[in-house]
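Inspection log for the structure reproduced underneath, given as structure tokens.
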Amino acid sequence: MTSTHNRVAVLHGVNFDVLERRDPEVYGGIGLSELERRIELAARELGLETIFFQTNSEGEFAEYLHRAPELADAIVINAGAWTHYSRAIADALELAGLPTVEVHLSDVESRDDWRRVSVFDGLVLAKISGKGPGGYRDALAALAERLGVSGGA
Ligand code: DQA
């Protein structure tokens with residue numbers, strides 16, 4: 001039996017369901033389904049499979065992380081504003097115990113001071129911000145390397 005460890009859960013938190021309505025100067029004007037389409041293409045090229053999840057409910061996000069080890073081998077997380085204050089989400093991510101890269105579309109370092117804080121510090125392999133949708137490709141590439149997955153369609 002062969003087993004491939006190439007499944008990446010790509011998780012979006014609060015307000016990503018209305019991404020196309022958020023400031024286009026900051027977030028690029030695309031919607032979540034277009035963002036996910038681009039992420040899936042990049043993943044396929046890297047030999048990764050993706051599963052996508054988005055919710056505006058912090059409890060649902062934590063519950064998804066509880067199930068994550070059964071569903072995926074790695075995580076890409078963009079928890080939106082929860083990133084900056086939700087210790088509950090950080091605890092759930094730690095519990096998931098999967099290699100994780102944190103991504104932000106915007107450059108969180110050069111915006112409000114409070115956006116510089118991340119509850120995921122110390123829990124993630126890398127934090128990528130300010131690269132728009134391309135940041136997800138970099139995150140997936142880092143996870144492919146970590147999982148020992150090379151090449152794809
Ligand atoms: C974000 C940055 C967060 O500060 C913000 O609250 C978001 C989006 C980003 O992708 O740039 O909701 O995570």
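Whatever order the structure lists ligands and atoms in, that order sets their numbers, starting from 1. We number each residue from 1, following the sequence as shown.
A salt bridge links Glu109 to Lys127: one of the charged nitrogens lies within less than 4.0 Å of a carboxylate oxygen. A salt bridge is absent between Arg67 and Glu63: the closest approach of a Lys/Arg side-chain nitrogen to an acidic carboxylate oxygen does not fall below 4.0 angstrom.
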Which pairs would a plain distance check flag for residues 130-142, meaning a side-chain donor or acceptor within less than 3.5 Å of a matching protein atom at least two apart in sequence or in another chain?
{"from": "Lys131", "atom 1": "NZ", "to": "Asp138", "atom 2": "OD2", "distance (Å)": "2.5"}
{"from": "Tyr136", "atom 1": "OH", "to": "His12", "atom 2": "NE2", "distance (Å)": "2.7"}
{"from": "Tyr136", "atom 1": "OH", "to": "Asn78", "atom 2": "ND2", "distance (Å)": "3.1"}

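A side-chain donor-acceptor contact under 3.5 Å links Asp17 and Asn56.
Under the 4.5 Å side-chain criterion, counting only non-hydrogen atoms from C-beta, Arg22 is in contact with Asn15.
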For ligand 1, find each of its N or O atoms that sits under 3.5 Å from a protein N or O atom, and tabulate the pairs with distances to one decimal place.
{"from": "ligand 1", "atom 1": "4 (O)", "to": "His84", "atom 2": "NE2", "distance (Å)": "2.7"}
{"from": "ligand 1", "atom 1": "4 (O)", "to": "Arg115", "atom 2": "NH1", "distance (Å)": "2.8"}
{"from": "ligand 1", "atom 1": "6 (O)", "to": "Ala81", "atom 2": "N", "distance (Å)": "3.2"}
{"from": "ligand 1", "atom 1": "6 (O)", "to": "Arg115", "atom 2": "NH1", "distance (Å)": "3.1"}
{"from": "ligand 1", "atom 1": "10 (O)", "to": "Asn78", "atom 2": "ND2", "distance (Å)": "2.8"}
{"from": "ligand 1", "atom 1": "10 (O)", "to": "Leu105", "atom 2": "N", "distance (Å)": "2.8"}
{"from": "ligand 1", "atom 1": "11 (O)", "to": "Leu105", "atom 2": "N", "distance (Å)": "3.2"}
{"from": "ligand 1", "atom 1": "11 (O)", "to": "Ser106", "atom 2": "N", "distance (Å)": "2.8"}
{"from": "ligand 1", "atom 1": "11 (O)", "to": "Ser106", "atom 2": "OG", "distance (Å)": "2.6"}
{"from": "ligand 1", "atom 1": "12 (O)", "to": "Arg22", "atom 2": "NH1", "distance (Å)": "3.0"}
{"from": "ligand 1", "atom 1": "12 (O)", "to": "Arg22", "atom 2": "NH2", "distance (Å)": "3.0"}
{"from": "ligand 1", "atom 1": "13 (O)", "to": "Asn78", "atom 2": "OD1", "distance (Å)": "2.8"}
{"from": "ligand 1", "atom 1": "13 (O)", "to": "His104", "atom 2": "ND1", "distance (Å)": "2.8"}

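Between Leu11 and the options Thr55, Val103, Leu93, Leu65, a side-chain contact (heavy atoms from CB on, under 4.5 Å) holds for only Leu65.
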